[in-house]
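Notes to accompany the following structure.
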Amino acid sequence: NTRISGLGQLQSSLAAFQDVLQSFSAAGVAAHSANSKVASASTTENSPVGTYSVDVKQLAQGQVLSSKVAPDLVVGMPSKLQIEMGGAVGGKFTIHLKAGTSLQGIADAINSAQGGVQASVANSTLRLATPTGAQHSMRLTVSGDPALKAFLSYDPAHSAQGMQQTQAPQDARVVIN
């Protein structure tokens with residue numbers, strides 16, 4: 001009797017264990033991110049089981065150009081500022097500046113053009129910023145006022161220019177194991 005009772009308990013336990021195993025295979029594979037604001041994860045029924053990590057080697061960033069300090073800058077004659085930006089966003093756009101336009105007026109005109117470049121003025125310095133990604137490199141050309149040309153020009157292929165790059169555009173780099 002004791003042997004039959006023990007065998008019955010063993011069969012019952014094995015059946016319960018088999019039910020648990022079936023529920024695991026029916027549930028599939030789950031994915032979780034330790035920080036869902038940074039990365040998300042998803043799976044399919046064929047996803048291999050394992051633990052994976054994401055190692056961020058480099059964050060994406062936009063290009064930033066800054067001018068010299070110019071508290072008294074005023075456009076001396078009607079001029080055109082052409083901003084050429086790599087990649088599909090922005091492309092090339094031209095800003096027409098009237099004589100008498102201030103540094104803040106230049107920033108406002110750039111922002112009004114909605115070409116993907118954000119302009120701001122702080123401490124009498126003009127700052128231009130692009131969206132993130134290596135493809136968003138700027139080239140600035142000025143026609144008209146020679147002083148404005150010397151102040152605002154920027155070409156990544158030349159070192160002597162008015163604007164200086166304070167942050168290079170770059171793509172994110174990640175390694176997933």
To the nearest 0.5 angstrom, please state how far the [atom1] atom of [X] sits from the [atom2] atom of [Y].
| X | Y | atom1 | atom2 | value |
| --- | --- | --- | --- | --- |
| Met138 | Leu128 | CE | CG | 5.0 Å |
| Asp155 | Arg139 | CG | CZ | 4.0 Å |
| Met77 | Leu97 | CE | CG | 12.5 Å |
| Leu65 | Ser137 | CG | OG | 8.0 Å |
| Leu81 | Ser153 | CG | OG | 8.5 Å |
| Gln63 | Thr132 | CD | OG1 | 13.0 Å |

Problem set entry | Enclosure of Asn177 CG (heavy-atom neighbours >12, cutoff 6.0 Å) |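 Yes, CG of Asn177 has more than 12 neighbouring heavy atoms, counting only those of other groups under 6.0 Å.
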Exercise. Does atom CD of Gln58 have more than 12 heavy-atom neighbours, drawn from other residues, nucleotides or ligands, at distances under 6.0 Å?
Worked result: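 Count over threshold, so yes.
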Exercise. Passes side-chain contact (heavy atoms from CB on, under 4.5 Å), Leu148 versus Ile106? Steps please.
Worked result: CA-CA 11 Å; Leu148 185 64; Ile106 294 169; 3.9 Å; yes
If you group Ile, Leu, Val, Met, Phe, Trp and Tyr by side-chain heavy-atom gaps below 4.5 Å, do [X] and [Y] land in one group?
| X | Y | answer |
| --- | --- | --- |
| Leu59 | Val174 | yes |
| Val121 | Val74 | no |
| Val64 | Leu152 | no |

Of the non-hydrogen atoms in [X] and [Y], which two are nearest, and what is the gap between them?
| X | Y | answer |
| --- | --- | --- |
| Gly133 | Pro169 | O-CB, 3.4 Å |
| Ala119 | Leu126 | CB-CD1, 4.4 Å |
| Gln61 | Ala168 | NE2-O, 2.8 Å |

Exercise. Can you tell if the side chain of Ser143 reaches within under 4.5 Å of the side chain of Gln82, non-hydrogen atoms only?
Worked result: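 No, too far: nothing below the 4.5 Å cut-off.
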Does the [X] side chain pair with the main chain of [Y], one donor and one acceptor, at a distance under 3.5 Å?
| X | Y | answer |
| --- | --- | --- |
| Ser79 | Gly144 | no |
| Asp145 | Val75 | no |
| Gln118 | Asn111 | no |

For this session: Can you spot which of Gln165, Arg127, Met163 makes a side chain to side chain contact (heavy atoms under 4.5 Å, CB included) with Ser66?
Result: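 So, applying the side chain to side chain contact (heavy atoms under 4.5 Å, CB included) to Ser66 and each of Gln165, Arg127, Met163, only Arg127 qualifies.
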